[in-house]
Structure formats: C-alpha cells, structure tokens
2 protein chains.
Amino acid sequence: MTDRETTQADTIRLAIESEIFSGSLVPGTSMEEGRLATRFGVSRTPVREAITQLVQAGLISKSAHRRAVVSELDPGTLLDLFEALSELEGSAAFLSTMRMSPDEKQHLMTIHESAADNLRRQGDPNDYAKLGSAFHHAIVRGCHNKILIETTDWMSLRVLPYRRFQVMTPGRLKKNQSDHDTIISAIVAGDAEIARDNIQRHTLEQGDALMRFIALNKTKSVERLPRAVNEEYSL
Amino acid sequence: MTDRETTQADTIRLAIESEIFSGSLVPGTSMEEGRLATRFGVSRTPVREAITQLVQAGLISKSAHRRAVVSELDPGTLLDLFEALSELEGSAAFLSTMRMSPDEKQHLMTIHESAADNLRRQGDPNDYAKLGSAFHHAIVRGCHNKILIETTDWMSLRVLPYRRFQVMTPGRLKKNQSDHDTIISAIVAGDAEIARDNIQRHTLEQGDALMRFIALNKTKSVERLPRAVNEEYSL
DNA sequence: GCCGAACAAAGTGTGTACACTTTTTGCCCT
DNA sequence: AGGGCAAAAAGTGTACACACTTTGTTCGGC
C-alpha cells in the first residue's frame, strides 16, 4: 500500500499546506521540525524537505538556524500581491477570450449560472465562494498558457490564507455576480480588451475589500491577542 | 571565516545555479547527489536541500527515486514563458509609466542613451546586451510592486539558460533600439497603454526570434553551439 | 526590582548508516 | 546474435547521531 511515487516529504508538505489554507496554521505561527516530525511519525529529514519546498512556494519563511514561520504578509505586500494577481488574471482573460474552445466557454457559463442560481435561492455562501473561485479558475485555464496558469495559481495560493477573513454580505455577493456578468459577456462577445479590464478591476476591488476588512479587524482583535496563541504551534 | 548566515546548502545552490546560467550545465543534464557531494566536499544532505530549492525555482526537475535533471523547456513551454513574461512586463510598464519617480525616469533614459551610443560607435555587443537587460529591469522595477518585480525576475531567470543562443545581428540590434525608443517615449509622455502594448510586443518578438533560432539549430548537436554572447548573464 | 552575563536547554545543520527503488550487468534461452 | 530475466550495483529516501547556533534560564551586580 506504500505509494512508491509519493515520498513522505510530499505527504507532509501537503498536510502542512492544507493546515495553512484551512487556517489551523495562522500566518506568523512558528513551527519546529522535531515536533512536526513526531506528530507525523517520521524523522526530521522529510519534514525539513517539506519545509524547504514550502519556503520556495512562499507559504513559509525561514532563515538559517531559525525556526520556520508561516509567512505573514504585511499590508503592502498583500496589496502588491492582489495588484499583480489582477494584472495576471487580466492578461489571462484577454488571451482566453480569443482561445477558449466552445466547450470551455460552455463550462464557464454553467459555473456562472450555478452561481446565479445559488444567489437567487440564497444557498450556502460557501458553495457560492467555491463557484466564484471556479469561475476565475476556468477563465485563467482558458488562456492555454501553462506558465500563466501556474503563476496565477501560485499567487492565488499565497493569498488564500487571508481569504478566510472575507466577509460575504448579500450586497457584496450581488456586486460580485454582476461583475462576473460583465466579464462573461465580454468573453462571449469576443471583446478581449473589455474582458481584461473588467476582471482586472474586479480582482483588484476584491483585494481592496479584503484588505480593508483585515485592517479593520487587526486593530480590534488579532494584534491584541495574547501572544501565546500565535507564537507557538504546539500539538 | 565560517558564515553563520550562509548554510552549505545555500552555497551549493548558488554554485549549481551559476553553472546552469553559465552553460556548463546544459538543460537535460542529469545530476547525481553523491557526485555533487564529493565534488563540493560535503555530505549528500546539503546537496539534497540545494536540489530541492532549485526544483521549486524551476531550474531543475525531479521525481521520486529518480535523478535530478536540469530543466529542459520544450518549445511550447518556452513560448508560454515568453508570452507570460511579455504580459508581465507589459503590466509593469503600464504601472511604471504612472509611478516612476523623475530620478528613475532619468536613470532609464541614461541607460537608453548609453545603449544608443554603444550602437553608434559599434561598441561591444556584450555591453549592449547588458544595457538592454538593464533597460528592461529598470522599467520593471519602476512599477514599485515587489511581487510583480519578483515574478518577472523569476521568469527571466527561467529563460536565461536559453538566451545564450541569442544572435545579435546589426539589424536586430537596430530594431531593438528603435523598439526601446518607442517604449521610452510612451513612458515619458505618460501614455501607459502605449507603453504596455509596445514593451509587450517587443518582448514577445524577442522570444519569437530566439525560439526560431533554437528551432533552426536544433537539428545540429546542441552542445556544439557557439558559446555566444552569454558571459553577461553569469551571476 | 532590573539588566546583563554565564550557563543550560532546545533546535538547526550536516555526516553517516541503511532500507528500498531504480538501473545496470550478465546470463540463459530461443 | 538478440530479447527477456535475475542478481548485483548504484542511487534515492529516511532515520539517527552529533556539532554548533539560538533560545531560555539563572544568578550576581547595580
């Protein structure tokens, strides 16, 4: 049953990744190799390897002889990240408008309509969020450029740990849906420039909203939280 | 003399990196941990760590239980890379047009004029290439977006091992310079859209030319290719 | 009581050993 | 000869040991 293709380091990397995305590992948390090792029931070697990989992926940072720390993005960098992401998604949308196959366009529309439906019957906001991210992803994939897709995914990944702060007010949901409406019409109409501009602005606004929300809550809770909670990652 | 900040893994990573960029390590070469270890006079542990890092950087590829291989970009991926890079540089130029300080613009112009001068007096093509890359870099840095800069640099890096094939004919040099002319005028004039479109097309064309050249020479033995204008790219 | 220096504890970086996987070698069979 | 097939060799993944660095603690001076 041992998978010869999947090394333990991979398993552990995935596990840590998922803990970061799920929010159990809050940015700023420091991790110690030994504990992770015993927790996962392996030696420190594969743990170290997993950490190295995650460092390069940007999800955790580390310097020589210091503990690894779940990457913490200061507001400036977070803004840069969203700006870059919005540009990339813009480029992807531009290319996608001209390159998506009818099937891909159909798929995109299906996603969009499921989202609209979810909104109409006030379905699960989590489902809506999932559809939203599928929408973006479908557009990006449509550009048929591996590098662009990879890079966009990578940036989305780095933002992901912060997405969980996102508030989903009915107003925001509606705005989101109408944004998507505009984008998809542009793609269907074959107007690449419009598609680019709209998804670009849309993503940038999303980031803006998220940052504003984080900034608001920062002063209230997170910063004043007892340091013990954030500082050590104990089992 | 031992540097407490620089770990052996780092040293080795840098060494391998530089060998890849300098061309001593041709894409496709497979590397074996043990040999590298004895060559660098260390154990396999730091070598493995260096390799892991380079894998994440995209310069080396590796799968479980198989030897590490210097990444080889198939033509499709190389094209994707240039397309993505051109989009990113376009975005950067767009932002730079609005964000560069007078000092930065001045610096950019200085570079551009040095290049023009080099061209007029038929100076060293290596110097010209260096100025060209400085030109691009100055524009990208001008966007003041850390992530965008990092990502662009990363992509340029991945293309670097292939730049050594670039031929610098007088005609190409002249075209290059006039492209840069157009770009810089747009930036100075504050026309962000024009700046974006022009640098985007410019970089894409560069990539195209490079790929055409590689395709032509593919039939011949790759290792036998002239060690062209590439010293400047060593790190 | 507070600060800083010496010491102790904990943690990271690297060498080495060994199990398991892949690759190569060499043999047999046709 | 040439194409499998098995055993040997080579190579990778992981555990573990130990040196050196960082972090935490204690204790004496002010």
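Naming: A, B, ... by sequence-line order, numbering from 1 per chain. As the structure is a prediction and not an experimental result, all values here were calculated from the model.
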A.B. asks: Between atom CZ in B:F40 and atom C1' in C:dT14, what is the gap in whole Å?
C.D. replies: 16 Å
A.B. asks: Without decimals, in angstroms, what is the distance between A:L36 CG and D:dT14 C1'?
C.D. replies: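 Distance, rounded to whole Å: 16 Å.
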A.B. asks: To the nearest Å, give me how far apart CZ (B:R66) and P (C:dC20) are.
C.D. replies: 19 Å
A.B. asks: Given D:dT12, C:dG11, D:dA15, which nucleotide is nearest the side-chain atoms of A:Q8?
C.D. replies: D:dA15
A.B. asks: For the side chain of A:R67, counting heavy atoms from C-beta on, which of C:dT23, D:dT23, C:dT14 is nearest?
C.D. replies: D:dT23
A.B. asks: Going by an N to O cut-off under 4.0 Å, is there a salt bridge joining B:R67 and B:E32?
C.D. replies: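 Answer for the salt bridge query: no.
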A.B. asks: Looking at D:dG13, does its base get a donor-acceptor pair with the side chain of B:R44 below 3.5 Å?
C.D. replies: yes
A.B. asks: Return the value, rounded to whole Å, for the distance between atom CD of B:E33 and atom P of C:dT21.
C.D. replies: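 Atom-to-atom, B:E33 to C:dT21, this comes out as 17 Å.
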A.B. asks: Would you state whether a donor and an acceptor, one from the side chain of B:T45 and one from the base of C:dG13, lie under 3.5 Å apart?
C.D. replies: no
A.B. asks: Compare the minimum distances between each of C:dG15, C:dT21, D:dT22 and the side chain of B:H65, then state the nucleotide with the smallest one.
C.D. replies: C:dT21
A.B. asks: Output yes when B:E150 and B:K146 qualify as a salt bridge under the 4.0 Å nitrogen-oxygen rule, no when they do not.
C.D. replies: no
A.B. asks: In terms of side-chain geometry, is the basic nitrogen of A:R196 or B:E87 positioned less than 4.0 Å from the acidic oxygen of its partner?
C.D. replies: yes
A.B. asks: Given A:E104, which of A:R141, A:R99, A:H144 fulfils the side-chain hydrogen bond (donor to acceptor under 3.5 Å, both in side chains) condition?
C.D. replies: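 Looking at A:R141, A:R99, A:H144, the match for A:E104 under the side-chain hydrogen bond (donor to acceptor under 3.5 Å, both in side chains) is A:H144.
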A.B. asks: Can you tell me if B:K62 touches the phosphate of D:dG11, counting only side-chain N or O atoms and a distance under 4.0 Å to OP1 or OP2?
C.D. replies: no
A.B. asks: Is A:S43 near enough to D:dT14 that one of its side-chain N or O atoms lies under 4.0 angstrom from OP1 or OP2?
C.D. replies: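 Result: no.
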A.B. asks: Nearest to the A:R48 side chain among C:dT12, D:dT22, C:dG11, which nucleotide is it?
C.D. replies: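 Side chain of A:R48 sits closest to C:dT12.
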A.B. asks: Can you measure B:D10 atom CG to C:dG13 atom C1' for me and round it to whole angstrom units?
C.D. replies: 11 Å
